[in-house]
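This one's a predicted model, so the numbers in the text were calculated from it and none came from an experiment. Because only heavy atoms are used, hydrogens play no part in the values below, and waters and symmetry mates are left out as well, while side chains stay in.
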Amino acid sequence: MQKRPSKNTVREQLSQEVEDFLLHGGAVTEVPRGASGLQDGRYGQPVAFDKPREERTPVSDVLKVIDQRREEQRKTHKPAASKKPKRPRKKVIYDDFGEPVRVVWE
């Protein structure tokens, strides 16, 4: 497991990357305080749909085939064997202190 870099290491790395960017001809544009990304006081314009509406692939035939397979499996599947009647079980009755008092059959 690798050790995460400390905040100081990350800060130094970021400042070094900024200096390299500026030394290689990069420029930073200052944005006036209070400016925002709003256009005409609204967030983004509505998305325009350029493509025409595509036809959907019909799946009703596929669903019918799947339903038929399910029905066939249900018909061929053997019903569960009848459950055996429950056998009597011993039940221990305890007192308030956890000591067994008696045994009864249920």
Can you see which heavy atom on [X] is nearest to which on [Y], and at what distance?
X	Y	value
Thr9	Ser6	OG1-OG, 2.8 Å
Asn8	Arg11	OD1-NH1, 3.0 Å
Pro100	Val92	CB-CG1, 3.8 Å

Check ion pair Glu106-Lys91 (N to O, under 4.0 angstrom): yes
Glu71/Arg74 ion pair, N-O < 4.0 Å: yes
As an exercise, state the distance from [atom1] of [X] to [atom2] of [Y], rounded to the nearest 0.5 Å.
X	Y	atom1	atom2	result
Trp105	Arg87	CH2	CZ	8.5 Å
Gln13	Gln16	CD	CD	9.5 Å
Arg70	Gln68	CZ	CD	12.5 Å

Path from Tyr94 to Val103 over hydrophobic side-chain contacts below 4.5 Å: yes
Shared hydrophobic cluster for Val18 and Val28 (ILVMFWY, side-chain gaps under 4.5 Å): yes
